[in-house]
Number of protein chains: 4
Amino acid sequence: MEFRDHQAIYVQIADYVCEQVLLGQWPADEKIPSVRDLGVLLQVNPNTVMRSYEWLQQRDVIYNKRGIGFFVSPQARAHILEYRREVFLEQELPVVLRNLILYDIPLEELTRRYDACRRDLSPPPQP
Amino acid sequence: MEFRDHQAIYVQIADYVCEQVLLGQWPADEKIPSVRDLGVLLQVNPNTVMRSYEWLQQRDVIYNKRGIGFFVSPQARAHILEYRREVFLEQELPVVLRNLILYDIPLEELTRRYDACRRDLSPPPQP
Amino acid sequence: MEFRDHQAIYVQIADYVCEQVLLGQWPADEKIPSVRDLGVLLQVNPNTVMRSYEWLQQRDVIYNKRGIGFFVSPQARAHILEYRREVFLEQELPVVLRNLILYDIPLEELTRRYDACRRDLSPPPQP
Amino acid sequence: MEFRDHQAIYVQIADYVCEQVLLGQWPADEKIPSVRDLGVLLQVNPNTVMRSYEWLQQRDVIYNKRGIGFFVSPQARAHILEYRREVFLEQELPVVLRNLILYDIPLEELTRRYDACRRDLSPPPQP
DNA sequence: GTGGTCTAGACCACC
DNA sequence: GTGGTCTAGACCACA
């Protein structure tokens, strides 16, 4: 995983976790890597991972069993979709569309890239 | 104008200026609002506005006549397109497309919003 | 039994045992559930139950017969009252009272709930 | 301000801020101390104060103006009451009442302390 | 000046 | 082993 430097690392880690859930890679009640392990894996400080996990926990994407670790919340998928879709559709997308038009990027270009991107993402398994 | 709080205010102001240029509202060599005026108008520290103007000036979108004010640069349109299109297509769009797919937003929804947005922007109001 | 997650599980187990004693459910010298049984019952690591029992043993609430199990200590009631009353009155209650007032909860509300709670506790069910 | 050692410092700081708001000491839209200032004042690390402020910000008790500082949110009072009262009445109070009865503390003792506590807290000014 | 992020390292409680 | 908290200190962007 490589980090974009204009966005906080802990946000990118949280996004990564959400993505794993949406893609069906991490099912409900599955244990996710410990803050230390993920810290080592991603080459970041455990505190930074911890911050991501706190953020996710507050949003009911993961939960904690004392002394054991963090687990994917059963409602994770729903919560992510509910929260992120809303923000995305109402706040991010309008800006993007506006730019598409201002920069004169034709719709065909967009659909072409959309299809390419769809092919890249393996279809999420139905639970 | 209301600001999104996840982005620096000076960036949002700069974006606003670029938009006016692309939309043809501010033709080449037209004087743009003074730092002070815009500061009052947007309820923002003049230093912040100044920072936007400096940023735009470095990218040849506006130029300065000492003691008079800032003006839209003749090459403004070209520079904006050249710089922003690149960044947008290569960096922002991929993330957006990925999200579109993860959040299961169908292409039809996208084109619908695209068209709506186009209708909103197309007719420049005559002041 | 469901656990509050802001408090250590072993403390909650210890509290539960104390409560049984105070309520007269577990008389002096009665055998209490084994570490293993209670662990299974509460879905908790036996080590955690063991920790509660050790904690209680140090405070003379229970005692241990090697190879047989843990038993309610004859002085259990007295020890619990002596220790907990003090802590409760001097440390916990002041905070609670302060909150009652800050949140504008009238005394009547308090006495109402007090009486309701008393009714719930008073009649010890005969098994 | 002296800290209780069984509770996280950042929670106690957050509680302190809430208390100031409920007592009417910090009106809406008033600037609260900067993380650095409060850190010096309370003899704790600015990061710790920051953590309190983040916590409060997420719960709409305070808000942030970029580069300026944190301010009391207009809905602060309402949010605190709504959130804390609920938790207090449904989770904390039942435990306390249960203990009152188990430790045989008479209601008169409680009301006596309640009145004393009320006298200590200066009556909140009506905004 | 303000907040925001990150690191390194420590210590603790809990399971 | 797990998370949770705190410190000290650094660097950055922003107003």
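This structure is a prediction, so every number in the text was calculated from the model and none was measured. Order of the sequence lines sets the chain letters (A, B, ...), proteins ahead of strands, with each chain counted from 1.
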The reported gap from CD in Q43(D) to CD1 in I9(D) (rounded to nearest 0.5 angstrom) is 11.0 Å

What's the OH-P distance between Y63(D) and dG4(E), to the nearest Å?
-> 14 Å

Pair Y103(D) and F88(C), ring centroids less than 6.0 Å apart = yes

Can you measure from CG (L38(B)) to CD1 (I32(B)) and round to the nearest 0.5 angstrom?
-> 8.0 Å

Reading nucleotides 6-15 of chain E from the 5' end, what letters show protein touch, with B for base, S for backbone sugar-phosphate only, - for no heavy atom under 4.0 Å?
-> BBBB----BS

Expressed in angstrom and rounded to an integer, what is the separation of M50(D) atom CE from dT5(E) atom P?
-> 7 Å

Taken to the nearest whole Å, CG/L56(D) to P/dG4(E) is 13 Å

Calculate the interatomic distance between D37(A) atom CG and dG1(F) atom P; express it in whole Å.
-> 9 Å

Are any side-chain N or O atoms of S52(C) and backbone N or O atoms of Y10(C), one a donor and one an acceptor, separated by less than 3.5 Å?
-> yes

Thinking salt bridges, do R84(B) and E92(B) make one under a 4.0 Å N-O criterion?
-> yes

Position toward the 5' end of DNA chain E (nearest nucleotide), S34(D) or E54(D) = S34(D)

Tell me: CD of Q57(A) to P of dG3(F), nearest whole Å?
-> 11 Å

Are the charged groups of E54(A) and R51(D) less than 4.0 angstrom apart, N to O?
-> yes

Side chains of Y53(A) and N64(A), donor plus acceptor under 3.5 Å | no

Taking atom P of dA15(F) as reference, at what distance in whole Å does atom CG of N64(D) sit?
-> 10 Å

Looking only at heavy atoms, which two atoms of F70(C) and V35(C) are closest? And how far apart?
-> CE1-CG2, 4.3 Å

Might you point out which heavy atoms bring V61(B) and A76(B) nearest each other, and give the distance in Å?
-> O-CB, 3.4 Å

Using five base pairs at each end, measure the axis-to-axis angle across the helix from dG1(E)-dC14(F) to dC14(E)-dG1(F) and round it to 10 degrees.
-> 20°

How close or far is atom P of dG4(F) from atom CH2 of W55(D), stated in whole angstroms?
-> 16 Å

Within this structure, what is the CZ-to-P distance between F70(A) and dG1(F), rounded to whole angstrom?
-> 17 Å

